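Here the structure comes first, spelled out in structure tokens, and everything after it is commentary.
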Amino acid sequence: TQLLEQSPQFLSIQEGENLTVYCNSSSVFSSLQWYRQEPGEGPVLLVTVVTGGEVKKLKRLTFQFGDARKDSSLHITAAQPGDTGLYLCAGVTAAGNKLTFGGGTRVLVKP
Amino acid sequence: DTGVSQDPRHKITKRGQNVTFRCDPISEHNRLYWYRQTLGQGPEFLTYFQNEAQLEKSRLLSDRFSAERPKGSFSTLEIQRTEQGDSAMYLCASSFYTDTQYFGPGTRLTVL
């Protein structure tokens, strides 16, 4: 069974601070996706990383895929209250037939 | 096309009753997935279809669960004889083969 572990489970910070969320696995994934989910809604895709060592930036969000394609991180610079939500990482197997999700990191950015 | 839609958005039922959820995928997508998400957890894979064929089912999908996609378009997920442990958010996603999966808003089920 391929498992993804996210840390921390919960993060509460003040507006303007930086934060990093980690996603780790003992398994190799062909790609890894990051989603953000609001309460009562489905996950919304933020980014897909495919190549080991890849770094992608989305405004104030920076995503990195580990060299061995087993881990990933999400870094938010100068967090804003609108960044509040549940951040989920999901690994895609080589077969590409399903997503394996981490447990999620709940981020609260206080004004 | 506005994305994946699910109906109903919320369902409250009594233990032992049957419930059915519907998912309409993005029109050009040939794959449709069902996931279940319990409070405070990430989604867990239940099953997926490619066109009308159900290609994989998780061990989480007990005999009380059945999913169909008869014409390769919309899908239904039925839970028979619901139990309190079935209370969760049921998420549907669609994709074109192994491309990115796009999720619907989910159906929140509460079993009393």
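Since this is a predicted model, take the numbers as computed values, not measurements. Quick note on labels: first sequence line is chain A, next is B, and so on, each numbered from 1.
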Just wondering, are more than 12 heavy atoms of other shown residues or ligands nearer than 6.0 Å to [atom1] in [X]?
{"X": "Arg15(B)", "atom1": "CZ", "result": "no"}
{"X": "Phe65(B)", "atom1": "CZ", "result": "yes"}
{"X": "Gln9(A)", "atom1": "CD", "result": "no"}
{"X": "Phe21(B)", "atom1": "CZ", "result": "yes"}
{"X": "Leu108(A)", "atom1": "CG", "result": "yes"}

How about [range] versus chain A: which residues have heavy atoms under 4.5 Å apart?
{"range": "residues 73-86 of chain B", "value": "none"}
{"range": "residues 36-43 of chain B", "value": "Gln37(B), Gly40(B), Gln41(B), Gly42(B), Pro43(B)"}
{"range": "residues 44-58 of chain B", "value": "Phe45(B), Tyr48(B), Glu56(B)"}

- Task: Under 4.5 Å, counting heavy-atom pairs only, tell me which of Ser31(A), Cys89(A), Gly103(A), Gly104(A) racks up the most with chain B.
- Result: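 Option with the greatest count: Gly103(A).
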Within one Ile-Leu-Val-Met-Phe-Trp-Tyr cluster: [X] and [Y], side-chain cutoff 4.5 Å:
{"X": "Leu61(B)", "Y": "Val19(B)", "answer": "yes"}
{"X": "Tyr87(A)", "Y": "Leu11(A)", "answer": "yes"}
{"X": "Tyr35(B)", "Y": "Tyr35(A)", "answer": "yes"}
{"X": "Leu19(A)", "Y": "Phe10(A)", "answer": "no"}
{"X": "Leu109(B)", "Y": "Leu60(B)", "answer": "yes"}

- Under a 4.5 Å heavy-atom cut-off, does chain B meet the side chain of Gln6(A), its backbone, both or neither? neither
- chain B contacts: which residues in residues 40-66 of chain A have a non-hydrogen atom closer than 4.5 Å to it?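 Contacts with chain B: Gly40(A), Glu41(A), Gly42(A), Pro43(A), Leu45(A), Thr48(A).
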- Message: If I take atom OG1 from residue Thr100(B) and atom CG from residue Leu99(A), how far apart are they, to the nearest 0.5 angstrom?
- Response: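 That separation rounds to 9.0 Å.
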